[in-house]
Amino acid sequence: MASSKKSGKTKQSGKGTWRLLDTGAKVAAAVVATRASSLTWRAATGHRPPTQHPDLRLVEAVTWAALAGATVELSKVLINRKAVEYWVKSTGELPPGMKPLASMTADDLAAARAKDLAAVKKRIRKR
């Protein structure tokens, strides 16, 4: 009976840990995206990113919005993937609430995990 209580606590703490890691990844993505899009804009145009000034041309505003939005989403995807890789490497399972892709069987998923873990170990050895 004590083991069932213990495993329930472990599952809950794992869920909280994943939430913390996921939130941290989102915050990091926002910071990275903001800096990257600002630097890209400055490199391309030679001046600061546009603001909500009334004299701002529509073309500039739309271009900035597209660049900033794409940068934010791309950084969120890439950083979240790294957070999930770290979670899988640390626990051997997908994060709480994340389900395997429907098209993959359990054997396919296990093979993919083994391949990913082997690649991570190889990168670690190179350092």
Side-chain angles (χ1 to χ4, degrees):
M1 187 167 238
S3 64
S4 65
K5 286 182 183 178
K6 191 174 186 179
S7 65
K9 269 189 173 181
T10 303
K11 198 166 211 153
Q12 287 291 37
S13 66
K15 194 173 192 177
T17 304
W18 171 246
R19 281 188 196 158
L20 184 64
L21 182 62
D22 189 40
T23 301
K26 288 176 183 172
V27 169
V31 170
V32 168
T34 302
R35 290 187 184 190
S37 55
S38 293
L39 288 172
T40 303
W41 185 265
R42 283 183 187 206
T45 65
H47 59 274
R48 289 182 163 177
T51 61
Q52 298 175 0
H53 194 276
D55 294 337
L56 181 64
R57 294 181 328 163
L58 182 61
V59 171
E60 243 186 326
V62 170
T63 305
W64 168 249
L67 173 69
T71 305
V72 166
E73 289 306 312
L74 180 61
S75 64
K76 280 169 47 177
V77 167
L78 295 176
I79 290 175
N80 190 276
R81 286 175 56 104
K82 290 298 179 185
V84 171
E85 282 179 20
Y86 177 78
W87 183 268
V88 170
K89 183 179 125 189
S90 299
T91 65
E93 299 176 358
L94 288 174
M98 188 175 285
K99 296 178 183 172
L101 297 174
S103 62
M104 296 182 79
T105 66
D107 293 335
D108 293 338
L109 188 60
R113 283 184 185 152
K115 184 179 177 182
D116 289 345
L117 288 174
V120 168
K121 287 179 184 177
K122 187 176 180 182
R123 277 188 259 149
I124 290 171
R125 281 189 216 126
K126 286 184 179 180
R127 292 181 184 184

Fill in the blank from the handout: Heavy-atom nearest pair, A29 first then I79, reads CA-CD1, 3.5 Å
Fill in the blank from the handout: Tightest non-hydrogen contact, residues L117 and K89, listed as CD2-CA, 3.7 Å
Practice task
State, with a plain yes or no, whether a side-chain heavy atom of V88 is found less than 4.5 Å away from one of M98.
Solution key: no
Completion exercise
Scanning both residues in full, the closest heavy-atom pair of S37 with W64 reads O-CZ3, 3.6 Å
Exercise for the section: Look up atom OG1 in T71 and atom CH2 in W41, then write down how far apart they are to the nearest 0.5 Å. Expected result: 11.5 Å
Exercise for the section: Please report the closest heavy-atom contact between L56 and P50, naming both atoms and the distance. Expected result: CD1-CB, 3.3 Å
Practice task
Supply the atom-to-atom distance N80 CG to E85 CD, rounded to the nearest 0.5 angstrom.
Solution key: 10.5 Å
Handout entry: Results of side-chain contact (heavy atoms from CB on, under 4.5 Å) for R42 - residues two or more places apart only
Key = R48, P49
Exercise for the section: For residues L21 and A83, report the shortest heavy-atom separation together with the two atoms involved. Expected result: CD2-O, 3.8 Å
Handout entry: Same apolar cluster (I L V M F W Y, side chains within < 4.5 Å links), Y86/L94
Key = yes
Practice task
Kindly compute the distance separating CG (L58) from OG1 (T63), expressed to the nearest 0.5 Å.
Solution key: 9.0 Å
Exercise for the section: State the CD-CG distance between E60 and D55, to the nearest 0.5 angstrom. Expected result: 11.0 Å
Problem - Side-chain heavy-atom pair T40, L67 within 4.5 angstrom cut-off - result: yes
Fill in the blank from the handout: Closest non-hydrogen contact found for W87 with P96 is CZ2-CD, 3.8 Å
